[in-house]
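Structure first, then comments.
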Amino acid sequence: MENSLSISDLPSHAGETVTLKGWLYHWRKGGKIWFLVLRDGSGYLQCVVSKADVPEAVWEAATGATQESTLEVTGLVKADARSPGGVELGVLDVKVLDLCHDWPITPKEHGVDFLMSQRHLWLRSSKQVAVLKVRSEVESAIHDFFHTRGYTRVDSPILTPAACEGTSSLFETQYTDDEKAYLSQSGQLYLEPAAAALGKVYCFGPTFRAEKSKTRRHLREFWMVEPEVAFLEIDGLLDLAEEFVKELTARVLDRRKEDLKRLERDAAKLEPVVSKKFPRISYRDAVEMLQKKSFPVKFGDDLGGDEETALTEGFDTPIMVTRYPASIKAFYMQPDPVDPDVALCLDMLAPEGYGEIIGGSQRIHDHDLLLSRIRQHDLPLEAFQWYLDVRKYGTFPHSGFGMGLERFVAWMCGVPHLRECIPYPRMLYRIYP
RNA sequence: UCCGCAGUAGCUCAAUGGUAGAGCAUUCGGCUGUUAACCGAAGGGUUGUAGGUUCGAGUCCUACCUGCGGAGCCA
């Protein structure tokens, strides 16, 4: 069915005459020789048009094309060291399939407001293309990671009857005439019963938080991958999270080198992630470390962005902070049997200021303890009856974590803001396009 | 929601309270190996909105609108 060549195929077609379709990305004029850069999503190709070598009509078409015009170009593939990418096209024919008028995004700088309002067009820019390729690679690596380890993917619902954690950040929608539904904030609660059915499960999909967050580290709609594993306890969970991040990073380094280069991301900064063990620090030790750096934190305080960055300073891998005070963590987290004030949980903090990429815990598996936690947190008991059933019928220790895809991709790409790591970001006060 | 910053040409930005400017983009011209090419020329403006102070406001004051950055919360 597909017969056409892509630009990325060309290095193995040197010496052949080929026809390609794509868009005019950029050009450099040189009097009687023009250099057109064609892009087709697979790569970029310098097409050399020489006035002496083509018919007048072809010269007119080539030099009359504007940025982002749709072109069909025929020419001879040549290896040439002067050309970015190693091969270039000696143009024989150019057809302008559509002449583009008033393309708004120029090669010079633009402000974020402008670019975000042109997001549907901004996607064509080389750096945005590179980020989307890294994102897709990570998504694919996530599925491979779990499938090679015997996990079953279980899709959790997006429309839910009640909150998983806190009702303040829920998106509400009308479900029937007299019933509301809420967009999912996490698939975890639905994954736990599935872990009893299938043992090792994971979900991967969009999640929604109606928080009024307006920072580079927040989106209102983001993608989260969440494994949940029967009979896995906290130490195994730490191993799983570390192995997971190592494998995804290795995959990006292995297969998306060109994209990292285009993003001017220093790949050497990611290499220790693959080779070195991630430090594991308890919350109590973290508080001490922060106090030595004269942060005014004490046991019971949550750690803010500045504290997280200070903790990761001096490390070239992520660090895992474990055993936070139970009082500041979710109701379902298992208390530490030797230190009941803390929960068996972890936050993985990425280096270079990228902050929390993973949060997870061992879950309470005792029915009565979970019941009392639901009551302590003033949660509507009837909404959690089915969740309690997991502990009522053949309970088992289990653990899981959630990783925010965009945060991971932002870190891989060295992009400072999450909004560039999802094709169409949903942010506070911005839902166009 | 709170705190801070900013709205001037299509875009990115200049302009002591005193004639509205540049680069890029666009159009035209020049250049046969360019790498955000370069050189020359032209067109392009109700300075976010509404008031106010002043002989005079892009500039100072007030309110509003829009956007950005950050906090809290989180992945």
Side-chain angles (χ1 to χ4, degrees), chain A residues 25-37 44 46-54 59 63-64 66-68 78 80-85 88 90 100-118 121-122 125-127 164-166 168-169 185-188 204 206-226 241 301-308 324 328-330 346-350 354-360 401-411 416-419 421-422 427-430 432:
Chain A
Y25 190 62
H26 192 62
W27 66 89
R28 290 171 286 274
K29 310 163 28 169
K32 297 188 175 58
I33 182 167
W34 282 41
F35 304 91
L36 308 182
V37 179
Y44 303 84
Q46 173 162 290
C47 304
V48 185
V49 193
S50 168
K51 190 171 186 182
D53 298 343
V54 295
W59 178 253
T63 58
T66 50
Q67 189 177 5
E68 287 305 315
K78 303 175 199 169
D80 193 315
R82 292 170 297 184
S83 190
E88 64 179 26
C100 178
H101 297 284
D102 302 319
W103 175 255
I105 301 176
T106 68
K108 293 276 179 175
E109 317 123 52
H110 297 283
V112 276
D113 182 26
F114 175 78
L115 288 171
M116 289 310 301
S117 68
Q118 308 287 338
L121 305 177
W122 187 27
S125 301
S126 62
K127 285 191 179 178
C164 291
E165 5 188 329
S168 59
S169 60
Q185 295 179 304
S186 161
Q188 179 206 320
F204 187 15
T207 55
F208 307 88
R209 308 253 167 116
E211 287 149 2
K212 299 218 166 177
S213 304
K214 244 173 71 77
T215 80
R216 71 184 69 206
R217 298 226 285 249
H218 291 90
L219 294 168
R220 309 200 97 197
E221 176 181 312
F222 66 96
W223 283 62
M224 185 154 67
V225 53
E226 296 171 276
D301 295 342
D302 212 345
L303 305 180
D306 289 347
E307 281 100 353
E308 287 182 357
Y324 281 69
I328 56 169
K329 285 290 175 180
L346 83 116
D347 277 3
M348 188 188 289
L349 308 179
Y354 282 91
E356 185 177 348
I357 51 172
I358 282 181
F401 65 76
M403 185 183 84
L405 176 67
E406 291 78 15
R407 286 190 179 175
F408 184 81
V409 171
W411 169 45
H417 204 300
L418 252 45
R419 65 185 158 216
C421 297
I422 186 167
M427 296 178 298
L428 189 59
Y429 307 131
R430 191 185 278 283
Y432 177 91

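Proteins get letters first, then strands, A, B, ... in listed order; numbering begins at 1 in each. Treat the numbers as computed from the prediction; the structure is a model and nothing was measured.
Contacts of D302(A) with the nucleic acid, taken as non-hydrogen atoms under 4.0 Å apart, involve only primed sugar atoms and P, OP1 or OP2. Residue G30(A) is in base contact, counting any heavy-atom pair closer than 4.0 Å across all strands shown. Nucleic acid contact class of W27(A) (heavy atoms, under 4.0 Å, all strands): sugar-phosphate only. Q46(A) comes within 4.0 angstrom of a base, heavy atoms only. Residue contacts shown for E226(A) are absent, as no nucleic acid heavy atom lies under 4.0 Å away. Note on R220(A): nothing from the nucleic acid sits closer than 4.0 angstrom, heavy atoms only. I105(A) comes within contact range of no nucleotide atom at all, as no heavy-atom separation falls under 4.0 Å.
Nucleotide C31(B) is matched to nothing when pairs are restricted to Watson-Crick or G-U wobble geometry with both distances under 3.5 angstrom. In this entry A63(B) has U49(B) as its Watson-Crick or G-U wobble partner, both defining distances falling under 3.5 Å. Base pairing analysis places A22(B) opposite U12(B); the two distances defining the Watson-Crick or G-U wobble pair are each below 3.5 Å. Under the Watson-Crick and G-U wobble criteria, each requiring two contacts below 3.5 Å, nucleotide U1(B) is paired to A71(B).
Between the CD1 atom of I33(A) and the C1' atom of U32(B) there is a distance of 5 Å, rounded to whole Å. Here C38(B) presents its C1' atom at 14 Å from CH2 of W34(A), a figure rounded to the nearest Å. At whole-Å resolution of the value, CD in E211(A) and C1' in G72(B) are 10 Å apart. At whole-Å resolution of the value, CH2 in W411(A) and P in A75(B) are 17 Å apart. If you measure from atom CZ of F222(A) to atom C1' of A75(B), you get 5 Å, rounded to the nearest angstrom. Between the CG atom of L115(A) and the P atom of G67(B) there is a distance of 16 Å, rounded to whole Å. For K127(A) and A36(B), the NZ to P distance is 12 Å, given to the nearest whole Å. Remark: C1' of A75(B) and CG of D347(A) are 9 Å apart, rounded to the nearest angstrom.
Judged purely by atom type and a 3.5 angstrom limit, Q188(A) has no side-chain atom pairing as donor or acceptor with the backbone of F401(A). Without hydrogens or angle criteria, R209(A) side chain to E221(A) main chain gives no donor-acceptor distance under 3.5 Å.
Rounded to the nearest Å, the gap between the P atom of A6(B) and that of G10(B) is 23 Å. Only the P atoms considered, U47(B) is 14 Å distant from G51(B), to the nearest whole Å. G7(B) and A25(B): their P atoms are spaced 25 Å apart (whole Å). For U19(B) and A36(B), the P atoms lie 39 Å apart once the distance is rounded to whole Å. With both ends at atom C1', the span from C5(B) to G18(B) equals 28 Å, rounded to whole Å. Comparing A9(B) with G48(B), their C1' atoms sit 15 Å apart, to the nearest whole Å. Spacing of P atoms, A22(B) relative to C39(B), comes out at 16 Å, to the nearest Å. Comparing the C1' positions of U49(B) and G67(B) gives an interatomic distance of 15 Å, to the nearest angstrom.
Contact check, R419(A) against G69(B): a side-chain N or O comes under 4.0 Å of OP1 or OP2. In this structure, R28(A) does not reach the C31(B) phosphate: none of its side-chain N or O atoms is under 4.0 Å from OP1 or OP2. Contact annotation: H417(A) reaches the phosphate of G69(B) (side-chain N/O to OP1 or OP2, under 4.0 Å). In this structure, R216(A) reaches the G70(B) phosphate: one of its side-chain N or O atoms is under 4.0 Å from OP1 or OP2.
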Report task. Under the side chain to side chain contact (heavy atoms under 4.5 Å, CB included) rule, what do C421(A) and R407(A) come out as? Steps first, then yes or no, please. Result -> CA-CA 8 Å; C421(A) 297; R407(A) 286 190 179 175; over 6 Å; no

**Report entry** Step-by-step side chain to side chain contact (heavy atoms under 4.5 Å, CB included) determination, L121(A) to E68(A)
**Finding:** CA-CA 10 Å; L121(A) 305 177; E68(A) 287 305 315; over 6 Å; no

Would you list the protein and nucleotides 1-3 of chain B atom pairs, both N or O, that sit under 3.5 Å from each other?
unit_1, atom_1, unit_2, atom_2, d
U1(B), OP1, K212(A), NZ, 3.4
U1(B), O4, K212(A), O, 3.2

Quick one: which protein N/O atoms are closer than 3.5 Å to N/O atoms of nucleotides 6-11 of chain B? Pair and distance per line, please.
unit_1, atom_1, unit_2, atom_2, d
C11(B), O2', E109(A), O, 3.1
C11(B), O2', H110(A), ND1, 2.5

Could you list all N or O pairs between the protein and nucleotides 39-46 of chain B that sit under 3.5 Å apart?
none

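Closest approach to the R217(A) side chain among G72(B), U34(B), C74(B) is made by C74(B) (side chain taken as heavy atoms from C-beta onward). Which of G67(B), A75(B), G33(B) sits closest to the side chain of V48(A) comes down to G33(B).
Applying the side chain to side chain donor-acceptor pair (under 3.5 Å) criterion to T106(A), with sequence neighbours excluded, gives H110(A). Every salt bridge (charged side-chain N to carboxylate O under 4.0 Å, His left out) that K127(A) has, sequence neighbours left out, goes to E264(A).
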Listing, residues 47-54 of chain A side-chain donor-acceptor contacts under 3.5 Å, not counting sequence neighbours, or none:
none

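Using a 4.5 Å cut-off on side-chain heavy atoms (C-beta onward), W27(A) and Q67(A) make contact.
RNA chain B is contacted by both M116(A) and L405(A); M116(A) maps to the nucleotide lying nearer its 5′ end (nearest heavy atom per residue). Of the residues near RNA chain B, D306(A) and K78(A), the one whose nearest nucleotide (by heavy atom distance) lies more toward the 5' end is K78(A).
If you take CZ on F408(A) and CE on M224(A), they are separated by 16.0 Å, rounding to the nearest 0.5 Å.
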